[in-house]
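Okay, structure first, notes after.
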2 protein chains.
Amino acid sequence: MTIAEDEKIAAEHAHTTAWVASVLRARIAAGQLTPGSKLSEQSLSASLGVSRNTLRQAFATLEGESIVTRIPNRGVFVASPGVEEVREIYRVRRTIEPAAVLWGRPTAEALDAMESIISRAKAARDAGSVPDMANANQAFHETVVGLTGSDSLRELMDRVLAEMRLVFHAMASAPDFHTHYVDRNAQLVQRLRAGENELAAAELRAYLDAAEAELLGHLEGA
Amino acid sequence: MTIAEDEKIAAEHAHTTAWVASVLRARIAAGQLTPGSKLSEQSLSASLGVSRNTLRQAFATLEGESIVTRIPNRGVFVASPGVEEVREIYRVRRTIEPAAVLWGRPTAEALDAMESIISRAKAARDAGSVPDMANANQAFHETVVGLTGSDSLRELMDRVLAEMRLVFHAMASAPDFHTHYVDRNAQLVQRLRAGENELAAAELRAYLDAAEAELLGHLEGA
DNA sequence: GATTAGCGGATTGTTCAACAATATGTACGA
DNA sequence: TCGTACATATTGTTGAACAATCCGCTAATC
């Protein structure tokens with residue numbers, strides 16, 4: 001009966017809880033579930049064809065990823081990041097991204113991967129595809145953090161970037177935020193290839209400052 | 001009947017799930033539940049006086065904090081960090097701690113707090129109290145990361161330090177690991193007071209390298 | 001005698017139905 | 001119009017049940 005039924009059958013016995021969490025994660029990332037909207041246990045468990053209990057457990061997972069917010073006795077809601085959350089996002093990014101650039105290991109593979117991502121970003125920019133640019137930008141900065149070699153930091157960056165997507169979804173008008181930054185990313189790789197890590201880190205910090213300011217400007221303006 | 005019954009009554013209606021998670025967190029931190037030991041749903045739910053379902057949800061929380069590991073159809077176990085986990089811990093620390101020192105805001109309050117913590121550490125060292133030294137060391141490095149002003153990074157550092165405690169609990173013989181580092185912490189604060197942030201960051205990285213090497217040596221030796 | 005196959009018991013994964021506790025919404029009265 | 005009391009809906013928690021999976025043991029085979 002339910003739309004998700006078929007997908008479920010395909011992934012059956014692959015741990016329902018994880019499956020539910022991934023479905024919700026995907027729907028939220030796709031903007032199908034908009035920030036601030038309530039996730040009713042009753043309707044969701046019915047529409048997904050799982051019990052309230054397992055849905056609840058999936059909620060616990062997503063809450064741990066701060067994709068979703070639980071208000072006791074009120075329910076869980078899609079996280080809706082505001083000004084303060086954006087500031088926190090950039091506090092994190094301004095700390096770990098320059099650190100990764102400064103002290104990480106820019107292996108040949110990593111640099112190649114970054115350049116390949118930049119190519120995709122440029123293609124997306126020329127094609128005018130905002131979502132592709134957003135994806136490329138996300139992949140790029142994840143690769144940057146990957147220079148540390150740490151999975152925990154990559155996961156944290158993942159969460160932060162997921163929250164960024166929510167910020168964009170929460171904005172009524174989504175301007176071409178990423179257009180300006182494609183070239184900055186390219187420059188960053190150039191610096192790294194030249195071994196100018198300190199300069200790269202400094203420029204990245206300035207870059208993040210500018211991005212935060214621009215984003216905050218859009219948020220205040222709305 | 002159960003030991004935890006009384007505590008539960010005191011905290012009743014304060015959200016059972018969170019209470020269970022905090023109890024388990026505390027018991028693990030205290031070394032009462034040793035790394036690698038299995039957490040049986042049946043016995044635990046019985047001894048804590050909660051249903052298997054809520055215990056399960058608490059498990060989901062702790063799993064998100066990577067305090068506990070779940071093996072499908074086998075159960076959940078207290079995380080038992082080994083060599084690779086220690087390496088990962090120090091990858092994280094070597095990234096965010098020097099970054100906090102280099103780019104964070106060493107406010108007067110933060111520096112005072114750090115010095116107060118160092119006093120406690122020295123007192124503990126003179127008294128020969130290893131656990132107090134460990135606690136002080138933990139508090140110190142948490143304050144360091146606090147210089148970033150980011151709660152997410154503080155939480156990540158929290159998780160990492162909790163994992164460090166598990167490492168110590170997993171070691172058969174716990175040597176006075178922290179003794180050597182009290183003075184290093186003090187020196188770090190001096191550097192910060194003098195505004196020598198770059199030097200402080202470099203020394204901190206060397207410090208962390210040495211600590212990792214020493215810890216790995218003890219692990220391999222065992 | 002060693003190895004593998006199959007069996008039984010125990011534990012986890014998931015569901016269902018119920019009840020208590022809390023929040024929301026509405027009608028009523030001052 | 002404002003505040004209060006009640007009715008309703010939703011969440012929080014429980015207990016029991018069943019399927020699926022894993023573990024240890026016995027037994028059959030080579």
Side-chain angles (χ1 to χ4, degrees), chain A residues 1-25 28 33 36-64 66-80, chain B residues 1-2 4-25 33 36-64 66-80:
Chain A
M1 154 199 188
T2 68
I3 311 174
E5 198 88 18
D6 351 328
E7 314 171 26
K8 186 194 173 183
I9 292 172
E12 193 99 43
H13 286 293
H15 278 324
T16 322
T17 290
W19 173 77
V20 171
S22 74
V23 167
L24 293 179
R25 221 179 281 124
I28 292 174
L33 262 35
S37 63
K38 174 168 178 168
L39 303 179
S40 155
E41 296 189 355
Q42 197 169 323
S43 21
L44 256 186
S45 64
S47 85
L48 291 176
V50 301
S51 97
R52 250 183 77 211
N53 262 324
T54 56
L55 176 61
R56 212 144 220 293
Q57 204 164 324
F59 280 164
T61 301
L62 298 178
E63 196 188 356
S66 60
I67 288 175
V68 122
T69 305
R70 150 170 274 129
I71 304 180
N73 293 316
R74 295 271 316 267
V76 316
F77 304 80
V78 179
S80 123
Chain B
M1 153 201 190
T2 70
E5 197 89 17
D6 351 326
E7 314 170 26
K8 186 193 173 185
I9 292 174
E12 191 100 46
H13 287 294
H15 277 323
T16 322
T17 290
W19 173 77
V20 171
S22 73
V23 166
L24 294 179
R25 221 179 282 124
L33 261 37
S37 62
K38 173 169 175 161
L39 302 179
S40 154
E41 296 190 354
Q42 198 167 340
S43 21
L44 256 187
S45 64
S47 85
L48 290 176
V50 299
S51 98
R52 246 184 81 210
N53 261 324
T54 56
L55 175 63
R56 213 143 217 295
Q57 204 163 325
F59 279 165
T61 301
L62 297 178
E63 196 189 356
S66 62
I67 288 174
V68 123
T69 305
R70 149 170 275 130
I71 304 180
N73 293 316
R74 295 271 318 265
V76 316
F77 305 80
V78 179
S80 122

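Since the structure is predicted, the reported quantities are computational estimates derived from the model, not experimental observations. By convention in this document, chain letters (A, B, ...) are assigned in the order of the sequence lines, proteins followed by strands, and residues within each chain are numbered from 1. Side-chain atoms are counted along with the backbone in the values below, which use heavy atoms only and exclude waters and symmetry mates.
Residue pairs satisfying the salt bridge (Lys or Arg N to Asp or Glu O under 4.0 Å) criterion with at least one member in residues 49-61 of chain B, sequence neighbours excluded, are listed as follows: B/Glu41-B/Arg52, B/Glu41-B/Arg56.
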Listing, residues 67-74 of chain A side-chain donor-acceptor contacts under 3.5 Å, not counting sequence neighbours, or none:
none

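A straight line from CG of B/Asn53 to C1' of D/dT11 spans 14 Å, rounded to a whole angstrom. Nucleotide C/dA10 holds its C1' atom 17 Å from the CG atom of B/Leu44, rounded to whole Å. Across the protein-nucleic acid pair, A/Leu48 atom CG and C/dT14 atom P stand 14 Å apart, rounded to whole Å.
Take B/Ser80 and apply the side-chain contact (heavy atoms from CB on, under 4.5 Å) test, not counting sequence neighbours, and it matches B/Pro35. Among residues two or more places apart in sequence or in another chain, the side chain to side chain donor-acceptor pair (under 3.5 Å) test is passed with B/Ser22 by none.
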**Report entry** CA sep, side-chain torsions, deciding dist, call: A/Arg25, A/Thr61, side-chain contact (heavy atoms from CB on, under 4.5 Å)
**Finding:** CA-CA 10 Å; A/Arg25 221 179 281 124; A/Thr61 301; 4.2 Å; yes

Distances for protein N or O near nucleotides 11-13 of chain C N or O, under 3.5 Å:
residue: C/dG13; atom: OP1; partner: B/Asn73; partner atom: N; Å: 3.4
residue: C/dG13; atom: OP2; partner: B/Arg56; partner atom: NH2; Å: 2.1
residue: C/dG13; atom: OP2; partner: B/Arg70; partner atom: NH2; Å: 3.4
residue: C/dG13; atom: O5'; partner: B/Arg56; partner atom: NH2; Å: 3.1
residue: C/dG13; atom: N7; partner: B/Arg52; partner atom: NH2; Å: 2.8

